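Let me begin by handing over the structure; questions about it come next.
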Amino acid sequence: MDPILNFFYEHQQIIYMVILMIFLGIEVIGRVPSVLHTPLMSGANAIHGVVIIGALIVMGEAASDNYIALILGFLAVVLGTLNVVGGFVVTDRMLEMFKKKRH
Amino acid sequence: MDPILNFFYEHQQIIYMVILMIFLGIEVIGRVPSVLHTPLMSGANAIHGVVIIGALIVMGEAASDNYIALILGFLAVVLGTLNVVGGFVVTDRMLEMFKKKRH
Amino acid sequence: MSASILTIIYLIASVTFILGLKMLSHPETARKGNLIAAGGMGLAIFGTIFLYESADGRRLGNLAWMFGALVAGGIIGTVISRRVKMTAMPEMVSLFNGMGGACAMLISLIEFNRIEGQIHLGHYIAIVLGLIIGSISFAGSIVAYLKLSGKQKDISFKGQHIFNMILFAVIIAGAVLTYNADPADAPLYFYATFGLAILYGVFFLLPIGGADMPVVISLLNSLTGVAAACGGFLYDNKAMLTGGILVGAAGTLLTVLMCKAMNRSLLNVVIGSFGGNAGASGAVSDSGGHYKEVSLSDAAMVMSYANKVVIVPGYGLAVAQAQHTCHELEKILTEKGVEVTYAIHPVAGRMPGHMNVLLAEADVAYEKLEEMEDANSGFKNTDVVLILGANDVVNPAAKNDPASPIFGMPILEVELAKTVIVNKRSMKPGYAGIENELFFQPKTSMLFGDAKKVLQDLCAEVKAT
Amino acid sequence: MSASILTIIYLIASVTFILGLKMLSHPETARKGNLIAAGGMGLAIFGTIFLYESADGRRLGNLAWMFGALVAGGIIGTVISRRVKMTAMPEMVSLFNGMGGACAMLISLIEFNRIEGQIHLGHYIAIVLGLIIGSISFAGSIVAYLKLSGKQKDISFKGQHIFNMILFAVIIAGAVLTYNADPADAPLYFYATFGLAILYGVFFLLPIGGADMPVVISLLNSLTGVAAACGGFLYDNKAMLTGGILVGAAGTLLTVLMCKAMNRSLLNVVIGSFGGNAGASGAVSDSGGHYKEVSLSDAAMVMSYANKVVIVPGYGLAVAQAQHTCHELEKILTEKGVEVTYAIHPVAGRMPGHMNVLLAEADVAYEKLEEMEDANSGFKNTDVVLILGANDVVNPAAKNDPASPIFGMPILEVELAKTVIVNKRSMKPGYAGIENELFFQPKTSMLFGDAKKVLQDLCAEVKAT
Ligand SMILES: NC(=O)c1ccc[n+]([C@@H]2O[C@H](COP(=O)([O-])OP(=O)(O)OC[C@H]3O[C@@H](n4cnc5c(N)ncnc54)[C@H](OP(=O)(O)O)[C@@H]3O)[C@@H](O)[C@H]2O)c1
Ligand SMILES: NC(=O)c1ccc[n+]([C@@H]2O[C@H](COP(=O)([O-])OP(=O)(O)OC[C@H]3O[C@@H](n4cnc5c(N)ncnc54)[C@H](OP(=O)(O)O)[C@@H]3O)[C@@H](O)[C@H]2O)c1
C-alpha cells in the first residue's frame, strides 16, 4: 500500500497530466462522425509517431563506437520517421478526398 | 527573456496542467444548450468555491493568538463556505425545475 | 503518508469537477453532475482539514474556529439559497460569486502579512493576483447584486472607460511597486493596490445595464476561478489549481456563448454601450405612432376560437410572477381544443434560460416550449400570438433597422402570425430602452395591465365563452 | 537556456497534437488539423535534435546517423504512402502503426542495455511496458497488414484464447522476474519476455477476421500510443507523454465507436467470434433457395425509366475499383432525369468511411451521399435499389433472425424499395460468411459479374435506351 501511495505522491504531476490527457483525448474526438473514423485513426496513428523523439535521444546519446546501440537506434529512428511521415501523408491523402466534397 | 524561460522550465508541469485544464474547460462545456447557461454558470460558480481550501489552510496555520489572522481567516472560511454551499444548492434548485420537464 | 492520501483526494476532487462540469452541460445529466462536483468538493474540504500537513509537517490547528465558520457559512448559505425566489437567481449567483472573490482576497491579505523577508517572485505574483482579481470580482459582484435586486441604478459619466483603464494601470503599478519597495512601505503600496482594486470593481460594474448583467456575472465568475487558481499556485494545491482554471476557462467560454445568444460582443457589453441606456428607459417612450387596444373579452374570444395560439413570455411575465396563471390559461385553452405552445427566446427575461426556469416552475410541459428557430417557422400558421411582458425579443427593428442598438439580434418573428396581442402595462420600452414598431402594426393590438392580473381575467373570460 | 526553449517547443507540440486531433474530428477542419499536428511534430523532432541536453548537459551526437535515418525514413514513408491505392489505406495505417510499435520496442531494448546496477522501479516499468506493448502492437500490426493485403489467412484453433491468456500471464511473470533476477540472468528473462510479447502479438491477431481488422488496428493504434507514453515517462518528456496518452485515450474511444458502428462488442471482436468464420466464406455458400437473374438490358431499362434510383455500394465495388464507372452511370441516369443517390452504410466496405473515401475519389458530389438513417427513410419511395458488391450491410437477417451472427447490426432496409437489383459475382456470402435471404426475395433480382464490368455495360445500355 505505502509504496503505491508514495508513488502517487512523487509523480502526482505526471499522474494529473495523464488523467487530464485521457479526458482530453476522449472529449476531443467525442463527436466524430463515422465518416471520419478512418482518417482520424490514421491521424492519431501519425501522432503517436512522437515516440521517434525517444529514438533520437537514445541514438544521440549512444557512444559512437557502440554499434549495436547505433544500429538499433538507427533502425528505431527510421521506423519512427516512417510512422510519422507515412501517417501524416496518408491521412492528408484521405482527407483530400473529403475536401473535394465541400463544393 | 531568460528569467521567463527559466520560469517556463521550472514550472513546466504546472503550466502544462493549466493549459490542459483550459482546453478541458472549453471542450467540456462546448455544446451546452442556451437553456442551461444559467445553471451551468451557477455550477461553475460553486466549483470555484474550492478557494475555501486556501482559507482553511491559512486559518489552520495561523498562530492561535494571532487574532487578525484568525478573524480574517474565519471570515474567509465563512465566505468560502457560502460560495460552495450556496452555489451548489442554488444550482440544484434550478436544475430541479428542469428535472420536472423530463415527463 | 497522509500527504499522499490527500493528493489522491485532491485528484479525485479535480476529476469530479471536470465530470461535474461536463454533466452540467447536458440536460439529462446536469443535476447529477452538480451533485458529483459537490461531493468532490466536500471530500477536498474535509480531506484538507484532517490530512493537510504544512511544510514543517504540522497539521492544521484552530479546528474549533474552522468548524464554527463551516457550520455558520453552511447554514446561512443553505437558508438563503433555499429561500430565494427562482426569479432572483441571478442576484444569488452574483452574491455567492462575490463571496468566493472575497475569500480569495482575504487569503491574499493574510498571506501578505505572513511574508518574512524576500519572497519568491512566483509566490508574490500569486498573492497579489489573487488579491486584485479577488477584490475586483468581490466588489463587482456586490454591485451586480445590488443592481439586479434594484437597490442600485446604472451610473455612467463621460470618459468613464478611460478612467477605468487608468485606474487599472495604477493598480498594476501598485502591485509592481509593492514588490520592489523596501519592507517598511511595502504594506502601504499593497493596501493601496487593494483599495484601488475594490474601487475598480465598483467602477467596472457601475455603467453596465441590467440587461447585460448575466454576461458580466459570468465574466466575474470566471475571474473568481482564476483567483482560486492563484491560491492553487500559492499552496501548490492541485485541487484549487485545476478547479480554478477549469472554471476560469469554462466561464470565459460561457460568457462568450451568452453574448452570442444576446447578439452582443463581449467588448461592448463591458463598455456597456446599450445596456447603459437601460436606466433611462422611460425617457424614450410614449413617442408617436398609432396603436389600437383590445378588450379582455375580445382577446379571450379570439383565443378561444383560434386553432393555434403561441404564448411569448418575456421579462414582464417574470416580474409579475404570472407564470402559474399563464399555465392556467394554457390549460383552459387546451381543454377548449386550442393548440397552445410557448415560444422561448434564448434571452427573454433577465438571465439565459430565465423563461424555461420560470415556466418549468409552473409545471408547464417541456414539449410545449419551442426554441426560437422552431417557433419562427411555426408562426406563419399561428392564429394568435399572445405576448406577455416581452418587448425587445419581438422588436422587428432588430431585423429591419440597422440604426437600432439591437440590430442583428435574432428575434421571434411574431408578425408572421395572423393576429398579435401584446400585454404590457404601458407603452414604455423594454430593457434596450427603444421604441417597438410591432405595437403600431395593424395586426397588433395592445392589452394593457399587469401580466398576472390580465391573465387571471383572461382565464375567467375564456372559461365563460 | 536551450533546455527551457525545448520545454516550450514540446509544450507547443503537445498543444498542436490536441488541436490537431480536435480538428481531425470535424469534416471542415480535418485536413488543417492534420497539418497542424504534423507541424508540431516537426518542431518537436528538430527541437530535440538541436536543443536536447542529456542529464550531464551533453548535446545529442551521431547527427550524421540521425539525419541519415530521418531522410531514409522520410523518403520511404512519403513514397509508399503516395503510391498506395485508396482502398489499401487500412493496410497502410496498420503498417505504419507497426513501425511506431517497433520504434518503442527498440528504444526499450537499447535502454535496457544501458541500465547499470539497480534501476529505479518507475523507470524499469516504463522500459518493460514500452517493450511489451511495443512488441505486441508491432507484431500485431504486421499480421494485420498481411491479412488485409491477403497475404495471410485467418487461423484459429481450439482454446486459442485460453492459450493467449496464459501467454500473457507468462509475459507479465517474465517482466517481474527480470526485475528481481540478479544482473547475470536478467537479460535472459528480459529477452524471453520480448520474444513472448512478439508471439502474443501474432497469436492475438491470427484468429481475427478481416472484417474486424479496422477495429483491431484502431486498438493496436491506441496501444502504440501508450507505448509512446512509456517513453515519455522514461525520458520525462512531456511531448511524448501527452502525445502518447492522447492517442491512447482517443484511440480507445475510437475503437469503441467503431464497434458501435458495426454493432460488435469489443470483447467479441477480440475473441474474433464471427470475424473468424470469414476465412471460411466459400464453405457456407451456394446452399438452397431460389433466386432470379436479370439481364443487363432489362436492368438498364428499369433504371432509365425509374424516378428514383438508390445505389448501395459495398466492399465489392471497392475491390472491383468500379467507383469511377459507378459515378459515370450516375451521371448518365441523372441526365435522363432519374434522381440518383447513394446509400452509405457506416461499415460498408472494409474500413469505416471506406465508401465515402472511395466515391469522393471518383468526384461523386457530397450531397448525393445519404447516411444510413436518411437512406432508410427514403427507400419506401424508391423505385430501384442497385446494390453493387454489398452484402452484409443489406442482409435482413440482422433485423429478423436472432440466430444470425450479425443480428442487431443496423442495416440498409433496401427491401422497402419497389425493386432491388443486386450485383455480385456469385452467390457467395460476404464477410460475415452468411447466407443473405434478400437475394431470394421476389422483388430482388441478381445481376452477376464483376462490378466494374457490369457497370460499364450498364452505362452503354442506359445510353442506348
Ligand atoms: N435573458 C437573458 O439572458 C438576458 C440577459 C441580459 C439582457 N437581456 C435583455 O433583456 C431583454 C429581454 O427581452 P424581453 O422582451 O424579455 O423583456 P424586455 O424587452 O425588457 O421587455 C419587458 C417588457 O415587459 C413589460 N412589463 C414589465 N413589467 C410588467 C408587468 N408586471 N406586467 C406586464 N408587462 C410588464 C415592460 O413594459 P411596461 O413597462 O410597459 O409594462 C417591458 O416592455 C432583451 O433586451 C435581452 O437582451 C436578457
Ligand atoms: N466498413 C468497416 O469499417 C468494416 C470494418 C470491419 C468489417 N466490416 C464488415 O464488412 C462487411 C461490409 O459489408 P459489405 O456489404 O460492404 O461487404 P460484404 O458483406 O463483405 O459483401 C461484399 C460482397 O461483394 C461481392 N464482391 C466481391 N468482389 C466483387 C466484385 N469484384 N464485383 C462485384 N461484387 C463483388 C462479394 O460477393 P461475390 O464474392 O459473390 O462477388 C461479397 O458478397 C460487413 O460485414 C462489415 O461489418 C466493415
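Sequence lines set the chain letters: A, B, ... in the order given, protein chains first and strands last, and positions in each chain run from 1. Side-chain atoms are counted along with the backbone in the values below, which use heavy atoms only and exclude waters and symmetry mates. Predicted, not measured: the structure shown is a model, and the values here were computed from it.
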Tell me, do D:Lys22 and A:Glu27 make a side-chain contact under 4.5 Å, heavy atoms counted?
-> no
Given the options D:Val93, D:Leu24, D:Leu21, D:Asn34, which has more heavy-atom pairs under 4.5 Å with chain A than any of the others?
-> D:Asn34
Short N-O contact, D:Arg58 and D:Glu53, less than 4.0 angstrom | no
Does atom CD of A:Gln12 have more than 12 heavy-atom neighbours from other groups under 6.0 Å away?
-> yes
Check residues 73-83 of chain D and write down every donor-acceptor pair under 3.5 Å in which the side-chain atom is one partner and the other belongs to a residue at least two apart or another chain.
{"unit_1": "D:Thr78", "atom_1": "OG1", "unit_2": "D:Gly74", "atom_2": "O", "d": "2.5"}
{"unit_1": "D:Ser81", "atom_1": "OG", "unit_2": "D:Gly77", "atom_2": "O", "d": "2.5"}
{"unit_1": "D:Ser81", "atom_1": "OG", "unit_2": "D:Thr78", "atom_2": "O", "d": "3.2"}

Counting heavy-atom pairs under 4.5 Å to chain D, which of A:Leu72, A:Ile47, A:Val77 comes out on top?
-> A:Ile47
Relative to chain D, which segment of A:Val18 carries a heavy atom at a distance below 4.5 Å: side chain, backbone, both, or neither?
-> both
Which atom pairs, one a donor and one an acceptor, fall under 3.5 Å between side chains of residues 235-246 of chain D and the rest of the protein, sequence neighbours left out?
{"unit_1": "D:Tyr235", "atom_1": "OH", "unit_2": "D:Glu111", "atom_2": "OE2", "d": "2.7"}
{"unit_1": "D:Asp236", "atom_1": "OD1", "unit_2": "D:Lys238", "atom_2": "NZ", "d": "2.8"}
{"unit_1": "D:Asn237", "atom_1": "OD1", "unit_2": "D:Ala239", "atom_2": "N", "d": "3.0"}
{"unit_1": "D:Asn237", "atom_1": "OD1", "unit_2": "D:Met240", "atom_2": "N", "d": "3.0"}
{"unit_1": "D:Asn237", "atom_1": "ND2", "unit_2": "D:Tyr10", "atom_2": "OH", "d": "3.3"}
{"unit_1": "D:Thr242", "atom_1": "OG1", "unit_2": "D:Ser14", "atom_2": "OG", "d": "3.0"}
{"unit_1": "D:Thr242", "atom_1": "OG1", "unit_2": "D:Lys238", "atom_2": "O", "d": "2.7"}
{"unit_1": "D:Thr242", "atom_1": "OG1", "unit_2": "D:Ala239", "atom_2": "O", "d": "3.1"}

Please state whether the side chain, the backbone, both or neither of A:Met17 comes within less than 4.5 Å of a heavy atom of chain D.
-> side chain
Which portion of A:Ala55 sits near chain D, non-hydrogen atoms under 4.5 angstrom | both
Contact origin within A:Leu20 toward chain D - heavy atom pairs under 4.5 Å = neither
Is chain A contacted by the side chain of D:Leu60, its backbone, both, or neither, given a heavy-atom distance below 4.5 Å?
-> both
Which one of A:Ile26, A:Ile68, A:Asn66, A:Leu75 has the most heavy-atom pairs closer than 4.5 Å to chain D?
-> A:Ile26
When D:Thr252, D:Leu106, D:Asn97 are compared by non-hydrogen pairs under 4.5 Å with chain A, the top option = D:Asn97
Given a strict heavy-atom distance threshold of 4.5 Å, which part of D:Leu220 is in contact with chain A: side chain, backbone, both, or neither?
-> neither
Between D:Val84, D:Ile49, D:Leu109, which residue shows the highest count of heavy-atom pairs closer than 4.5 Å to chain A?
-> D:Val84
Please look at D:Val71 and chain A and tell me whether the side chain, the backbone, both or neither of the residue comes under 4.5 angstrom of a heavy atom of that chain.
-> neither
Highest number of heavy-atom pairs under 4.5 Å with chain A among D:Leu253, D:Leu121, D:Leu359, D:Thr16 belongs to D:Leu253
Chain A-proximal positions within residues 227-234 of chain D [heavy-atom distance under 4.5 Å] | D:Ala228, D:Phe233
For chain A, which residues of residues 40-47 of chain D have heavy atoms nearer than 4.5 angstrom | D:Met41, D:Ala44, D:Ile45
